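Reviewing the structure listed below.
Sequence lines set the chain letters: A, B, ... in the order given, protein chains first and strands last, and positions in each chain run from 1. Fair warning: this is a prediction, and the values are worked out from it, not measured in the lab.
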Amino acid sequence: MSRYNARTVEPKWQQAWEAAESFAARHDPTRPKYYVLEMFPYPSGRIHMGHVRNYTMGDVVARTKRAQGFNVLHPMGWDAFGMPAENAAMERGAHPGDWTYQNIADMREQMKPLGFSLDWTREFATCDPDYYGQQQALFIDMMEAGLITRKSAMVNWDPVDMTVLANEQVIDGKGWRSGAVVERRELTQWFFKISDMADELLGALDGLKDWPEKVRLMQANWIGKSRGLQFSFDLTAPAHGMDKVEVYTTRPDTLMGASFVGISPDHPLAKALEAENADLKAFNDECRKTGTSEEALEKAEKRGFDTGLKARHPLNPDWELPVWVANFILMDYGTGAIFACPAHDQRDLDFARKYDLPVIDTFIAAENGAPVTDEAFVPPKSEAVKWIDHFAGLDVATGDEAIDRTIDFAEKAGWGEGVTKFRLRDWGLSRQRYWGAPIPMVHCDDCGLVPEKKENLPVELPRDVDFSTPGNPLDRHPTWRDTPCPSCGKPAKRETDTMDTFVDSSWYFARFTSPRADTPTDLDEASYWMNVDQYIGGVEHAILHLLYSRFFARAMVKTGHLPASASEPFNALFTQGMVTHETYETRNDAGRPVYHTPDEVVRDGDAVRLADGTPVTVGPIIKMSKSKKNVVDPMDIIDQYGADTARWFVMSDSPPERDVEWTAAGAEAAWKHLQRVWRLVAEGDHSAEGVAPEGSEEALTLTKLTHRTIRDVSDGIAQFQFNKSVAKLYELTNAIAKSKGTGAAEKSARHFALTTMAQLMQPMTPHLAEEMWAALGGSGLVIDAPWPVADYSYLVENTVTLPIQVNGKRRGEVTVAADASKEEIETLALADGAVQRFLDGKQPRKVIVVPGRIVNVVV
RNA sequence: GCCCGGGUGGCGGAAUUGGUAGACGCAGCGGAUUCAAAAUCCGCCGAUCUAACGAUCGUGGGGGUUCGAGUCCCCCCCCGGGCACCA
């Protein structure tokens with residue numbers, strides 16, 4: 001029996017492609033280009049199944065487009081800055097740079113054997129000074145274009161380690177290393193003014209026809225455009241020079257139900273009052289112990305503090321409302337102050353009940369409306385309700401109408417203004433960390449903040465840094481900060497904040513079009529290659545990465561680094577599901593979770609334990625991530641079965657947009673199938689080809705199926721339904737195996753089916769496909785053969801079998817000519833034995849005939 | 001808490017988008033081949049009842065629209081992703 005040996009075959013073809021420079025992308029204006037990009041990986045050091053799945057999908061698209069005649073750009077790089085490198089430095093003493101470049105080398109070694117059609121000549125890492133230097137140039141240009149600002153923002157502060165923590169590093173409100181209770185602290189930070197583009201980023205979503213609807217929805221909700229009323233409550237007595245509280249509300253129609261005025265613990269008034277009120281100070285400090293994440297704030301128990309101040313209702317000066325500080329009011333949204341209407345907001349109602357504040361109904365259900373008791377009455381804004389004493393004279397009206405009328409009323413009366421606001425905040429890019437791109441700014445005592453001169457870029461990270469104590473090593477470096485002022489030349493200090501790693505990944509797709517240019521992009525190259533025609537990556541990036549990239553593309557158009565046509569950089573987006581796996585955890589002495597990798601765990605029936613016998617708790621099935629250690633190493637599969645098996649396996653079964661739980665079973669099956677395909681080639685009789693199939697029923701049937709398979713596999717790939725393409729290839733394989741005819745027509749039909757299979761399998765299992773192609777006598781490389789096109793004359797059938805239903809249940813079937821009339825079908829269906837039995841001599845009440853689909857007889 | 005997805009045999013999933021539920025694969029069972037095993041080949045394979053023909057039930061749960069619902073509408077449950085310093 002002929003065996004296919006991936007170990008020798010795969011490197012052979014990889015060398016052939018490399019020798020031919022098959023995948024090097026060359027600018028050629030005479031050919032249509034196609035840019036395929038998968039989200040580049042963080043170099044953790046090991047590839048995982050998620051990578052294999054992601055990059056195989058992109059490779060299938062790239063190889064198919066290449067066969068279809070496109071000039072394909074399919075590059076690869078590394079998202080190389082970020083916290084794990086610093087953590088490794090702290091834990092193991094490795095330098096973040098050494099650690100990162102070693103990981104890149106390791107991962108490249110693991111990726112190369114997979115045979116991806118990548119243009120490795122364009123590879124770069126975001127931590128290359130060449131890359132981040134261009135990023136610094138971009139930053140300076142964006143600064144000049146007015147896209148950057150500086151203002152204060154909240155950070156998670158670890159008071160023991162004296163350092164800023166990422167949200168991920170705050171566990172149950174405590175610092176992950178120190179265990180100290182984390183507090184919110186204000187820091188002056190650098191920001192991209194993305195909120196200036198909020199409306200445009202929202203509006204342009206409509207044009208992204210080839211993006212998943214869910215991603216556009218998530219982005220629209222994130223941007224969060226709202227129309228509301230902004231106005232002030234006058235305080236009955238000024239406090240600390242403040243005589244009013246400005247609020248923003250999207251439900252001004254509920255103003256007559258106002259119960260109290262609420263301000264954020266970080267509101268200027270709350271902070272001013274702290275000075276003389278120790279209890280309030282204690283309350284606010286307690287609130288600040290919730291981290292900065294919206295999730296933590298929203299989940300925290302709702303608590304409040306009565307300031308004792310009173311505010312006048314704008315419509316009735318005699319109506320005084322108490323002013324409360326409440327922990328659920330975000331300083332970042334609106335004005336950091338609200339009025340609460342407990343009758344029509346569940347959170348306000350819970351708060352009012354807790355602190356015994358009034359609940360005043362503003363409107364009731366149009367029919368049988370009862371006053372609010374335990375549950376707030378919050379109907380959709382489009383539903384008509386009955387208004388109680390509405391100042392603008394409404395009786396029965398929808399919320400939407402009432403909001404419009406109220407804003408109108410307030411504007412005419414002059415005490416309020418209709419305002420459109422966005423939930424989207426400016427993008428804080430400052431990080432108080434070492435392993436990121438330095439912000440190329442200099443602090444000069446005389447000149448203030450001055451950008452570094454472009455000829456001095458890159459501002460390189462110093463190599464000699466010390467991670468033995470927490471905090472930003474750049475701050476502590478003895479000399480790195482010292483630099484002459486780019487403007488006046490006097491001694492000055494560098495900015496020590498580095499950039500958020502989202503900045504690095506917001507323009508790498510543009511850099512790939514001219515990765516060695518000495519400007520951020522080469523406009524000529526960018527104009528040819530942009531946009532990315534197909535972008536592929538995880539849904540977990542649906543909001544932030546994609547929104548930031550859309551902002552950056554616009555910023556790069558503004559600063560002349562991209563053509564105007566590239567302001568939406570990704571024509572089509574596909575979000576693949578995640579590769580998930582169970583998590584395994586034990587607890588350390590401090591009771592904190594410690595995670596374990598699947599290969600450390602022994603599963604023996606229900607019992608789960610470590611190799612040393614320690615019992616393990618099985619946690620939820622979640623996306624594979626380094627921090628939870630629930631990762632599986634694909635190298636084991638590649639070593640055992642070869643790259644094609646791994647590639648085939650991740651393309652089969654699970655639809656690509658869906659999460660897939662990794663299980664070891666199935667890789668074996670993929671391998672068996674590829675062996676079977678190879679045997680059909682190696683043991684087949686290829687003495688006939690080009691013989692017309694029409695003389696043989698068997699040959700004709702197989703040829704028809706081959707053409708249907710061309711159509712179905714091509715459609716499956718075009719629609720990102722690779723699992724269906726795989727299923728169709730299984731069917732064709734089964735049919736070839738069943739065909740045993742020894743005539744020239746049958747042999748020829750099998751030869752045609754197998755050469756076609758080699759071409760159709762090429763995007764998924766390229767090495768096997770080359771081997772098949774060569775054995776079948778194909779000329780040149782199969783990757784250079786044009787994509788097969790189905791002959792439609794083989795796709796039409798002249799009879800069709802329709803199911804017959806009686807009362808909606810299938811009772812039989814009828815085979816008719818494809819062009820049979822409704823009447824003919826009905827006559828034939830009614831003559832069917834099963835139908836006669838159910839009719840029992842009676843006339844049918846109704847007969848529904850859907851040609852080509854179904855017949856339904858209603859008795 | 002808020003926003004967005006998902007839930008179909010023992011398992012991964014398919015279903016022409018309102019028209020035969022379970023394609024294809026895995027696992028399992030039976031058979032052929034073999035001294036034997038592996039590999040390979042052939043057949044069966046949602047549940048219940050039935051000797052069989054067939055019948056009834058069945059797409060997370062409950063209700064509805066329709067000649068016809070996995071697919072559309074309403075309510076609920078469970079799982080996952082995101083929540084602005086994980087990438």
Side-chain angles (χ1 to χ4, degrees), chain A residues 1 39 41-42 44 79 81-84 153 155-156 164-170 194 212-215 217-222 224 291-300 302 328 332 346-347 423-433 500-502 505 538-545 547-548 575 577-578 580 620-623 625-627 652-655 657-661 663 665-666 668-670 672-673 675-676 679 721 723-724 726-731 734 737 801-813 845-848 850 852-859:
Chain A
M1 194 180 294
M39 291 179 186
Y42 179 80
S44 59
D79 188 13
F81 275 133
M83 289 201 309
V155 294
N156 297 308
V164 178
L165 298 180
N167 285 334
E168 185 191 55
Q169 297 171 319
V170 180
I194 189 172
E213 184 58 36
K214 62 174 174 184
V215 174
L217 234 186
M218 280 191 264
Q219 292 218 352
N221 290 338
W222 185 261
T292 58
S293 81
E294 189 176 318
E295 185 188 3
L297 292 167
E298 290 279 344
K299 277 187 180 161
K302 310 294 175 278
F328 58 83
D332 286 319
Q346 191 60 44
R347 190 173 59 185
R423 204 185 77 99
L424 180 68
R425 309 199 294 258
D426 278 334
W427 170 10
L429 72 118
S430 288
R431 296 292 179 270
Q432 292 71 44
R433 285 186 234 293
D500 176 10
T501 55
F502 272 124
S505 55
V539 258
E540 65 271 29
H541 296 294
I543 297 175
L544 292 179
H545 162 61
L547 191 61
Y548 291 159
T575 53
M578 284 157 296
T580 61
I621 299 163
I622 54 171
K623 77 163 167 168
S625 84
K626 214 169 145 46
S627 60
S652 38
D653 292 346
S654 280
E657 71 279 8
R658 196 117 37 116
D659 289 353
V660 57
E661 189 193 353
T663 54
E668 166 100 7
K672 277 186 190 173
H673 175 73
Q675 288 290 345
R676 185 172 180 228
R679 271 199 314 277
Q721 297 179 322
N723 55 321
K724 285 197 233 167
V726 168
K728 297 296 178 185
L729 287 165
Y730 268 107
E731 281 178 23
N734 289 341
T801 301
L802 302 180
I804 306 172
Q805 294 184 334
V806 177
N807 291 336
K809 283 184 199 240
R810 184 182 182 280
R811 299 296 176 182
E813 60 184 36
R845 260 221 342 251
K846 196 172 173 185
V847 180
I848 293 143
V850 185
R853 287 284 165 80
I854 203 163
V855 182
N856 191 8
V857 181
V858 186
V859 179

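Rounded to an integer number of Å, the gap from A:Asp332 CG to B:C83 C1' is 13 Å. The nearest whole Å value for the distance from the CD atom in A:Glu668 to the C1' atom in B:G12 is 17 Å. Here B:A69 presents its C1' atom at 11 Å from CD of A:Gln805, a figure rounded to the nearest Å. The nearest whole Å value for the distance from the OH atom in A:Tyr730 to the P atom in B:A23 is 15 Å. Counting to the nearest Å, the C1' atom of B:G68 and the CG atom of A:Leu802 are 15 Å from each other. As rounded to whole Å, 15 Å separates atom C1' of B:G10 from atom CG of A:Asp653. Put simply, CG on A:Leu547 is 13 Å from C1' on B:G82, counting in whole angstrom units. Note: CG (A:Asp500) to P (B:A87) measures 7 Å, nearest angstrom.
Looking at A:Gln721, its side chain never comes within 3.5 Å of a backbone N or O of A:Pro655 through a donor-acceptor pair. Judged purely by atom type and a 3.5 angstrom limit, A:Asn156 has no side-chain atom pairing as donor or acceptor with the backbone of A:Val164.
Atoms CG and CD, from A:Asn734 and A:Glu731 in turn, are 7.5 Å apart once rounded to the nearest 0.5 Å. Atom CD1 of A:Ile194 and atom CG of A:Leu547 lie 4.5 Å apart (nearest 0.5 Å). The OG1 atom of A:Thr575 sits 7.0 Å away from the CE atom of A:Met218 when rounded to the nearest 0.5 Å.
Taking the six-membered ring for Trp and thresholds of 30 and 60 degrees, A:Tyr548 and A:Phe502 have ring planes more than 60 degrees apart, a perpendicular arrangement.
Judged by Watson-Crick or G-U wobble contacts below 3.5 Å, the nucleotide B:G30 has B:C42 as its partner. Pair assignment for B:C83 gives B:G1, based on Watson-Crick or G-U wobble hydrogen-bonding distances that are each under 3.5 Å. B:U56 is paired with B:A47 under the criterion used here, namely a Watson-Crick or G-U wobble arrangement in which both key atom distances are under 3.5 Å. Nucleotide B:U65 has no partner under the Watson-Crick or G-U criteria, as no pair reaches both atom distances under 3.5 Å. Judged by Watson-Crick or G-U wobble contacts below 3.5 Å, the nucleotide B:G70 has no partner.
By the rule that a glycosidic angle within 90° of 0 means syn, B:U17 counts as syn.
Between B:G25 and A:Lys724, no contact under 4.0 Å exists linking OP1 or OP2 to a side-chain N or O. The phosphate of B:G25 (OP1 or OP2) has a side-chain N or O of A:Asn734 nearer than 4.0 angstrom. In this model, the phosphate group of B:C24 is not approached by any side-chain N or O of A:Asn723 to a distance below 4.0 Å at OP1 or OP2. Distances shown here put a side-chain N or O of A:Ser654 below 4.0 Å from the OP1 or OP2 atom of B:G13. Neither OP1 nor OP2 of B:U20 sits under 4.0 Å from any side-chain N or O of A:Arg811. Contact annotation: A:Arg810 does not reach the phosphate of B:G19 (side-chain N/O to OP1 or OP2, under 4.0 Å). For A:Ser652, no side-chain nitrogen or oxygen approaches OP1 or OP2 of B:G25 to under 4.0 Å. Remark: A:Arg676 is in phosphate contact with B:C41, judged by side-chain N or O atoms under 4.0 Å from OP1 or OP2. OP1 or OP2 of B:U17 sits under 4.0 Å from a side-chain N or O of A:Arg853.
Between the side chain of A:Glu295 and the base of B:C83, a donor-acceptor pair under 3.5 Å is found. Put simply, the side chain of A:Asn856 and the base of B:C67 share a donor and an acceptor less than 3.5 Å apart.
Across all strands, A:Val858 comes closer than 4.0 Å only to sugar-phosphate atoms, never to a base (heavy-atom distances).
Using a cutoff of 4.0 Å between basic side-chain nitrogens and carboxylate oxygens, A:Lys214 and A:Glu657 are not scored as salt-bridged.
For the pair A:Thr801 and A:Glu213, both in contact range of RNA chain B, the more 5′-proximal nearest nucleotide belongs to A:Glu213.
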